[in-house]
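Let me begin by presenting the structure, written as structure tokens, before commenting on it.
So you know, we letter chains A, B, ... as the sequences are listed, proteins then strands, and number each from 1. No hydrogens, no waters, no symmetry mates; every other heavy atom, side chains included, goes into these values.
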There are 2 protein chains.
Amino acid sequence: MSASSLDLTFAALADPTRRAILSMLLEDDMAVTDVAEPFEMSLAAISKHLAILAHAGLIAQEKRGRVKWCKLEPDALRAASVWMQGFGQFEPIHLDEFEAFLARELDGADTQGG
Amino acid sequence: MSASSLDLTFAALADPTRRAILSMLLEDDMAVTDVAEPFEMSLAAISKHLAILAHAGLIAQEKRGRVKWCKLEPDALRAASVWMQGFGQFEPIHLDEFEAFLARELDGADTQGG
DNA sequence: GCAATCGTCAACCATTTGGTTGAATATGGG
DNA sequence: CCCATATTCAACCAAATGGTTGACGATTGC
């Protein structure tokens, strides 16, 4: 209970399905059903994942009509990013690296059956 | 099983005790017993936490004599940092922010009873 | 109005997680 | 050698996690 913001953020990011969802939302806002479409799990499971992401502040959900739109809230990553960079004091990061990651992650995260 | 590197990293970081341990190791290498000292949980519990951090590559453990030394491996954070920054494209991060975080985290992570 | 669509809720289940305790395995020192 | 120290192992436990299914409440459109 009452886990810290960092707890929630890192825990949310620890699941590959949730990271894949964030990657999808990076391209465009999506309805819950559309988020669920590429995954092999039930809509209810995706709905739970989205609730976890929303609770961590990583996405915002807005209901318009019967459709609930999900959009990325990248600012929520800043706190965690601050935390991590404080340790590493890394050189600047290049987009290439990030895109390589996304490619590797998406190549498998959408076929997880359990 | 066979969780990805990012899975392991983020999952390891999701626990406040483990983040507190990393913060401690930021200042100096430490023996397992000394790592455990400020916490209210058993040595075995800390030993498990350290194993999780080591498995995620966030620390290295080297046994010299009967003492097992733990040291930070900040490079392991780079992959996760790359991932996160790709989303946020944040402005440069200042050490002040990080230190503020550490202060807030340490002010409570060592009194968690369960 | 009524059926179809969108999404969540509730109950359930298996597995993982984070902790405990007590015994066991090094290792070091008098 | 024998005892203390340092750490892990093994068994156990409660609670959390990630999934399922079926029923349910909203909303839309014919």
Side-chain angles (χ1 to χ4, degrees), chain A residues 1-4 6-22 25 29-56 58-71 109-114, chain B residues 1-4 7-22 25 29-56 58-71 108-114:
Chain A
M1 283 96 241
S2 95
S4 85
L6 280 183
D7 287 15
L8 293 176
T9 304
F10 285 129
L13 295 177
D15 185 282
T17 300
R18 288 193 290 265
R19 288 198 309 276
I21 290 173
L22 292 178
L25 293 177
D29 298 356
M30 296 178 80
V32 173
T33 307
D34 297 326
V35 169
E37 198 266 330
F39 296 95
E40 284 185 347
M41 67 189 71
S42 69
L43 182 60
I46 295 295
S47 179
K48 284 190 195 178
H49 280 304
L50 289 169
I52 290 169
L53 289 169
H55 189 222
L58 292 167
I59 67 169
Q61 292 183 292
E62 184 197 355
K63 192 160 185 181
R64 284 206 294 273
R66 65 183 162 184
V67 175
K68 198 166 187 176
W69 293 91
C70 307
K71 82 165 191 233
D110 53 345
T111 53
Q112 315 213 345
Chain B
M1 281 98 240
S2 97
S4 85
D7 287 15
L8 292 176
T9 304
F10 285 128
L13 295 177
D15 186 282
T17 300
R18 289 193 290 264
R19 288 199 307 277
I21 290 173
L22 292 178
L25 293 177
D29 298 357
M30 297 178 81
V32 173
T33 307
D34 297 326
V35 169
E37 197 266 330
F39 297 96
E40 284 184 348
M41 68 187 71
S42 69
L43 183 59
I46 295 295
S47 180
K48 284 190 192 176
H49 280 304
L50 289 170
I52 290 169
L53 290 169
H55 189 222
L58 293 167
I59 66 170
Q61 291 182 293
E62 183 197 356
K63 194 160 183 180
R64 284 205 295 273
R66 64 183 162 184
V67 176
K68 196 163 189 178
W69 292 92
C70 309
K71 82 163 190 236
D110 54 345
T111 53
Q112 313 215 344

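- Ranking D:dC9, C:dC9, D:dG19 by closeness to the A:Ala45 side chain, first place goes to D:dG19.
- Rounding to whole angstrom units, CD of residue B:Gln61 and P of C:dA26 are separated by 17 Å.
- Taking atom NE2 of residue B:His55 and atom P of nucleotide D:dT8, one finds them 15 Å apart after rounding to whole Å.
- Between B:Leu13 atom CG and C:dG18 atom P the separation is 12 Å, expressed in whole Å.
- In the set C:dA11, D:dA6, C:dG18, the nucleotide with an atom closest to the side chain of B:His49 is C:dG18.
- The CD1 atom of B:Ile21 lies 7.5 Å from the CD1 atom of B:Ile59; values are rounded to the nearest 0.5 Å.
- The nucleotide whose nearest atom lies closest to any side-chain atom of A:Met41 is, among C:dT8, D:dT7, D:dT20, D:dT20.
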Identify every side-chain donor-acceptor pair in residues 43-53 of chain A under 3.5 Å, counting partners at least two apart or on other chains, and give the distances.
| residue | atom | partner | partner atom | Å |
| --- | --- | --- | --- | --- |
| A:His49 | ND1 | A:Arg18 | NH1 | 3.1 |

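- Residue contacts for A:Ala31: at a heavy-atom cut-off of 4.0 Å it reaches the sugar-phosphate backbone alone, with no base atom in range.
- A close approach under 4.0 Å does occur between a side-chain nitrogen or oxygen of B:Ser42 and OP1 or OP2 of C:dT20.
- For B:Arg18, counting side-chain heavy atoms from C-beta on, the closest listed nucleotide (C:dG19, C:dT21, C:dG18) is C:dG18.
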Sub-3.5 Å pairs of nitrogen or oxygen atoms, protein against nucleotides 23-30 of chain D:
| residue | atom | partner | partner atom | Å |
| --- | --- | --- | --- | --- |
| D:dT27 | O2 | A:Arg66 | NH1 | 3.2 |

Which pairs would a plain distance check flag for residues 29-39 of chain A, meaning a side-chain donor or acceptor within less than 3.5 Å of a matching protein atom at least two apart in sequence or in another chain?
none

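- Rounded to whole Å, atom P of D:dT7 lies 13 Å from atom CD1 of B:Ile21.
- The side chain of B:Thr17 lies closest to C:dG19 when the candidates are C:dT20, C:dG19, C:dG7.
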